[in-house]
**Q** 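The structure is given below, and queries will be raised subsequently.
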Amino acid sequence: MRRYTVLTNEKLTPTTQLLTLQAKTPSDSFQHEAGQYAALSFRRKYRPTPARCFSIVTAPEETGTLQFSMHIGGRFTRAIVGLKPGDGVSVRGPFGGFVIEPTHQPQIVLLAGGIGITPFMSMIRHAAYTRSETRITLVYSCPNQLDMPFAVELLKLEQANPNFQVIFTVSSGPINRLNQARVFTGRISPELLQSVTEGAFTEHTFFICGPAGFMKGMRALLAHRGVDKQQIVTEAFSQGPNRQTGELRDWPFNMYALAAVGVVLGSFIIMLSDLFKTLPPILKANSAQAAAAAQVNSTRQANLDSLVNGLPPNTSAAPATAPATPITPVTTPTPRTCGSAPC
């Protein structure tokens, strides 16, 4: 976490805010790549707010300061509007892989819808600072000409970088505000992209950033023109299921999901630790109870044995008799006499 303070906080359009932060100390400043984002949090009514992620507007070369631009709509962004110069802001990051690789992507088309312009501002500023030879074309779709943040700066960057050009499309209303710019009425059409790429769709890498509906429409348009999905990189601001549909999936949902997994795993580990701490005393108590029960049983058996051994011998007990055998009577023979004398 890095500590920053609010340098300026200004409204760019009726619905867009630009927050500029300055690092409290040189060690708080961090390096980022053009197109990445960071998580912001601060104190509101003496209580810390949740962290929310926003694309970094400043180029990596603008050290010591960070700029973030956001559409004003929810409670968090309305709270950002209330920040004053000097207020503290905590910054975590940078995050994301929504970055240009010049060696592999020599021709870039940036498709921005509304506030989706913010990561592209960092890329375009970085290209101007480094005098990049990468050919970059920005097609910027806005609801009306009064809600086009960074429009004036983009025209200045176009003049400073011969390899960069910007094209505006306005969904409704007049288009006379930027007379010197290439401005078209309506939405980004296949014919417009045909002109931008000179028909060579497959020779360009397309970066898309904006609301989910805008990104879905642009991907369908490019797929119909034969652009491979590997040549399409997307980043979105919606929290819905279509918030990011490209090959690089680094939006805040991943952070929240990983944080939730970490909380669940941490709780499980703590529960196991408490269980392991509890089990030994229980086992010890059970062993002690078993030993005590065995001792009681042994004592009772000894008492019984002593009692039995102390009893006097029983003399009235009748001996066991064998089964009776029939007795054959013995007869004495009568002496035979011969007259009065024995024979």
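Residues: numbered from 1 along the sequence shown. Just so it is clear, the values below take in all heavy atoms, side chains as well, and ignore hydrogens, waters and symmetry mates.
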**Q** Using modelled atom types and a 3.5 Å cut-off, is there a donor and acceptor pairing between side-chain atoms of E62 and backbone atoms of A59?
**A**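 Side chain of E62 to backbone of A59, a donor-acceptor pair under 3.5 Å: yes, one is there.
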**Q** Using modelled atom types only, decide if a donor and an acceptor are shared between the side chain of Q231 and the backbone of H204 within a distance under 3.5 Å.
**A** yes
**Q** What are the two closest heavy atoms between S132 and N161, and how far apart are they?
**A**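 Of all heavy-atom pairs spanning S132 and N161, the closest is O-OD1, 4.2 Å.
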**Q** Ignoring hydrogens and geometry, is there a side-chain-to-backbone donor-acceptor pair from Q22 to T5 under 3.5 Å?
**A** no
**Q** Y129, I100: one ILVMFWY side-chain cluster at the under-4.5 Å cut-off?
**A** no
**Q** How long is the span from the OG1 atom in T16 to the CG atom in D147, to the nearest 0.5 Å?
**A**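 Between atom OG1 of T16 and atom CG of D147 there are 5.0 Å.
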**Q** Nearest 0.5 angstrom please: Y4 OH to L66 CG, how far?
**A** 4.0 Å
**Q** Among T169, N176, V166, I175, exactly one meets side chain to side chain contact (heavy atoms under 4.5 Å, CB included) together with V183. Which residue is that?
**A** I175
**Q** V91, F76: one ILVMFWY side-chain cluster at the under-4.5 Å cut-off?
**A**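 In one cluster: yes.
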**Q** For E153 and F150, indicate whether the former's side chain and the latter's backbone hold a donor-acceptor pair under 3.5 Å.
**A**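 A pair under 3.5 Å: no.
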**Q** Would a line drawn from the ring center of F98 to the ring center of F207 be shorter than 6.0 Å?
**A**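 That pair passes the under 6.0 Å test.
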**Q** With rounding to the nearest 0.5 angstrom, report the CE to CD distance, M148 to Q145.
**A**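 Atom-to-atom, M148:CE and Q145:CD are 7.5 Å apart.
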**Q** Do you know the tightest heavy-atom contact between L18 and S69?
**A** CD1-CB, 4.1 Å
**Q** Please indicate whether R2 has more than 12 foreign heavy atoms, meaning atoms of other residues, nucleotides or ligands, lying under 6.0 Å from its CZ.
**A**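 It does: R2 CZ has more than 12 such atoms within range.
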**Q** Ignoring hydrogens and angles, state whether a donor on the side chain of S27 or T25 is under 3.5 Å from an acceptor on the partner side chain.
**A** yes
**Q** Hey, could you give me the CD1/OH distance between I167 and Y140, rounded to the nearest 0.5 Å?
**A** 14.5 Å
**Q** Within the distance-only criterion (no hydrogens, no angle test), does the side chain of R78 pair as donor or acceptor with the backbone N or O of G73 below 3.5 angstrom?
**A**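 Indeed, once roles are kept as given, a pair shorter than 3.5 Å links the two residues.
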**Q** Linking I/L/V/M/F/W/Y whenever their side-chain heavy atoms sit closer than 4.5 Å, directly or via other members, would L83 and V81 fall into one cluster?
**A**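 Shared cluster, yes.
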**Q** Give a yes or no on whether R225 atom CZ has more than 12 heavy-atom contacts from other residues, nucleotides or ligands under 6.0 Å away.
**A** yes
**Q** Using 4.0 Å as the upper bound for N to carboxylate O, is an ion pair formed by E61 and R125?
**A**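 Salt bridge: no.
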**Q** Does D228 reach the main-chain N or O of T202 with its side chain, forming a donor-acceptor pair under 3.5 Å?
**A**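 Side chain of D228 to backbone of T202: no pair is present.
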**Q** Quick check on side chain to side chain contact (heavy atoms under 4.5 Å, CB included): which of T137, I124, I117 does L110 satisfy it with?
**A** I124
**Q** Kindly write out the residues that satisfy side-chain hydrogen bond (donor to acceptor under 3.5 Å, both in side chains) with T20, not counting sequence neighbours, or none if the list is empty.
**A**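 Once residues adjacent in sequence are excluded, the partners of T20 under the side-chain hydrogen bond (donor to acceptor under 3.5 Å, both in side chains) criterion are T8, Q67.
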**Q** More than 12 foreign heavy atoms under 6.0 Å from CD of Q194: is that the case here?
**A**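 For Q194, atom CD is crowded (more than 12 foreign heavy atoms under 6.0 Å).
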**Q** Quick one: list whatever passes salt bridge (charged side-chain N to carboxylate O under 4.0 Å, His left out) with D28, sequence neighbours left out.
**A** R3
**Q** Nearest 0.5 Å, what's the CE-OG1 distance between M70 and T77?
**A**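 So the gap between those two atoms works out to 8.0 Å.
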**Q** Look at the side chain of T49 and the backbone N and O of F42, then say whether any donor-acceptor pair between them is shorter than 3.5 Å.
**A**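 Pair found, side chain donor or acceptor close to backbone of F42.
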**Q** At what distance, to the nearest 0.5 angstrom, does CD1 of I115 lie from SG of C142?
**A** 10.0 Å
**Q** Would you call the rings of F68 and F54 parallel, tilted or perpendicular, taking 30° and 60° as the class edges?
**A**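 Rings of F68 and F54: perpendicular, as their planes differ by over 60°.
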**Q** For F30 and H32, take the angle between the two ring planes, folded into 0 to 90°, and tell me which bin it lands in: parallel under 30, tilted 30 to 60, perpendicular over 60.
**A** perpendicular
**Q** Is the number of heavy atoms from other residues, nucleotides or ligands under 6.0 Å of E133 CD greater than 12?
**A**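 Counting neighbours around CD of E133, 12 or fewer heavy atoms of other residues, nucleotides or ligands fall under 6.0 Å, so no.
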**Q** With no hydrogens and no angle check, is any side-chain donor or acceptor of S122 less than 3.5 Å from a backbone partner on T58?
**A**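 Present.
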